[in-house]
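Heads up, the thing below is written out as structure tokens.
It should be emphasised that the depicted structure is a prediction, and the values quoted were computed from it without experimental measurement.
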Amino acid sequence: MHITEIMRGDSPTFSFEFFPPKTPQAAETLYQTIRDLESYMPDFVSVTYGAGGSTRELTHDLVERIRHTTKLDPIPHLTCVCHNEEEIEAILLRYAKSVIGNILALGGDRPAGMAYDKSRDSFQHAIDLVKFVRHFNESGAHPDRRGFGIGVAGFPEGHPATPNRLVEMDYFKAKVDAGADYIVTQLFFDNRDFLDFRERCALAGVHIPIIAGIMPITSIGGLKRMAELAGGARFPAKLLRALQPCQNDPETVRRAGIQYALEQCHDLMANNVAGIHFYTLNRSDATRTIFDSLGIPRHRNQQASSV
């Protein structure tokens with residue numbers, strides 16, 4: 001389904017992110033998560049792409065497996081790093097053949113542990129990838145005459161590579177104008193950052209749907225890893241105050257983190273968010289708890305997954 005159809009209703013969308021498993025044990029965890037979450041009938045699920053395309057085939061295989069063996073609508077991530085135009089075109093043709101409706105076009109993370117020369121990439125920035133996918137759409141190679149719906153990343157706390165927030169918004173507006181249909185934000189823990197970002201987008205003339213990225217904190221270890229990986233994510237005092245007294249009690253930390261994310265979701269919905277995208281880390285417990293607490297209807301009947 002094209003993103004313009006997914007986002008058509010008045011109610012916010014709800015979606016999940018998965019990443020490709022690298023071991024049989026991780027695969028079993030993920031497939032159990034998919035079975036658990038399929039009955040919630042999210043509007044779509046996204047599948048990440050490793051730094052430098054390191055999980056390239058795993059991503060493709062997972063996207064196609066979800067597409068053909070479940071009732072979920074997968075949206076694959078696609079990145080600029082370590083790719084040339086021929087490779088990206090081949091991936092797009094593969095997804096078009098599988099009737100994948102949407103793409104999330106990203107700059108991508110630099111690969112770790114290997115020499116990397118960015119100047120050799122065909123796509124220097126996400127805007128170049130957006131333009132390429134838009135050109136592919138115009139070729140008529142996709143079975144949907146509209147081609148792929150194109151998503152881009154938004155950064156409520158600011159893009160780490162562009163500290164000048166005025167210049168950052170100029171770049172972001174250009175990326176959207178190149179052909180984006182929707183925005184999925186990086187995770188954030190202070191809704192004021194998201195609401196401010198949304199307002200600045202409107203002032204800049206960006207009027208496509210903005211989906212908020214939410215990650216429930218379920219462990220102190222996870223909090224510390226996220227601080228390292230999220231490029232300077234801000235952790236509000238309110239969140240730290242909730243976690244600090246119980247940091248030696250894993251179950252209480254989990255409950256406090258889920259409660260905080262639940263409050264974020266309630267507030268976002270009260271402020272007419274276009275959608276909420278849950279970063280699941282391939283586990284379902286926290287997301288299911290939040291869904292059940294929000295009272296989100298499972299709006300379509302569904303057969304059991306064969307994943």
Hey, does the side chain of [X] reach the backbone of [Y] with a donor-acceptor pair shorter than 3.5 angstrom?
X: Ser284; Y: Leu37; result: no
X: Arg200; Y: Met169; result: no
X: Thr287; Y: Thr280; result: no
X: Asn271; Y: Leu195; result: no
X: Asp144; Y: Arg146; result: yes
X: Glu38; Y: Lys71; result: yes
X: Asn282; Y: Leu30; result: no
X: Glu263; Y: Ile258; result: no
X: Asn102; Y: Gly151; result: no
X: Thr162; Y: Asn164; result: no

What are the two closest non-hydrogen atoms of [X] and [Y], and how far apart are they?
X: Leu62; Y: Pro20; answer: CD2-CA, 3.9 Å
X: Ile290; Y: Ala261; answer: CD1-CB, 3.8 Å
X: Gly213; Y: Thr185; answer: N-OG1, 2.9 Å
X: Ala233; Y: Leu187; answer: CB-CD1, 4.3 Å
X: Thr252; Y: Asp249; answer: OG1-OD2, 2.7 Å
X: Arg134; Y: Ala180; answer: NH2-N, 4.3 Å

- Task: Evaluate the criterion side chain to side chain donor-acceptor pair (under 3.5 Å) for residue pair Tyr40 and Asp292; output intermediate values, then yes/no.
- Result: CA-CA 9 Å; Tyr40 286 83; Asp292 290 338; 3.1 Å; yes
Aromatic ring proximity, centroids under 6.0 angstrom, [Y] and [X]:
X: Phe155; Y: Phe197; value: no
X: His142; Y: Phe148; value: yes
X: His60; Y: Tyr95; value: yes
X: Phe278; Y: Phe291; value: yes
X: Phe44; Y: His277; value: yes

Between [Y] and [X], does any NZ, NE, NH1 or NH2 come within less than 4.0 Å of an OD or OE carboxylate oxygen?
X: Glu64; Y: Arg67; result: no
X: Asp177; Y: Lys173; result: yes
X: Lys131; Y: Glu85; result: no
X: Glu57; Y: Arg94; result: yes
X: Asp190; Y: Arg234; result: no

Straight-line distance of [X] [atom1] to [Y] [atom2], nearest 0.5 Å:
X: Leu72; Y: Thr69; atom1: CG; atom2: OG1; value: 8.5 Å
X: Asn137; Y: Ile150; atom1: CG; atom2: CD1; value: 5.0 Å
X: Glu5; Y: Asp73; atom1: CD; atom2: CG; value: 9.5 Å
X: Arg255; Y: Leu243; atom1: CZ; atom2: CG; value: 12.5 Å

Side-chain heavy atoms of [X] within contact of [Y], under 4.5 Å:
X: Val176; Y: Ile208; value: yes
X: Tyr182; Y: Val152; value: no
X: Leu78; Y: Leu104; value: no
X: Phe132; Y: Leu92; value: yes

Hydrophobic clusters here meaning ILVMFWY residues chained together by side-chain heavy-atom distances under 4.5 Å, can you tell me if [X] and [Y] are in one?
X: Val47; Y: Val99; value: no
X: Phe194; Y: Leu294; value: yes
X: Phe123; Y: Leu93; value: yes
X: Phe136; Y: Ile100; value: yes
X: Tyr260; Y: Leu281; value: yes

- Item | Modelled atom types, side-chain donor and acceptor of Gln32 and Asp36, under 3.5 Å | yes
- Message: Assess, by modelled atom type and distance only, whether the side chains of His83 and Glu87 contain a donor and an acceptor separated by less than 3.5 Å.
- Response: yes
- Message: Test: side-chain hydrogen bond (donor to acceptor under 3.5 Å, both in side chains). Region: residues 204-219. Which pairs qualify, not counting sequence neighbours?
- Response: none
- Query: Residues in ring-ring contact (aromatic ring centres under 6.0 Å, His included) with Phe18, at least two apart?
  - Reply: none
- Message: Does Ser15 form a side-chain contact (heavy atoms from CB on, under 4.5 Å) with Ile276? I'd like the steps, not just the answer.
- Response: CA-CA 6 Å; Ser15 51; Ile276 297 177; over 6 Å; no
- Message: The test is side-chain contact (heavy atoms from CB on, under 4.5 Å); show your working for Thr59 and Thr48 and say whether it passes.
- Response: CA-CA 7 Å; Thr59 296; Thr48 68; 5.6 Å; no
- Let me see the working for Arg65 and Tyr31 under side-chain contact (heavy atoms from CB on, under 4.5 Å), right down to the final yes or no. CA-CA 10 Å; Arg65 182 168 183 175; Tyr31 297 141; 3.1 Å; yes
- Query: Asp267: what forms a salt bridge (Lys or Arg N to Asp or Glu O under 4.0 Å) with it, not counting sequence neighbours?
  - Reply: none
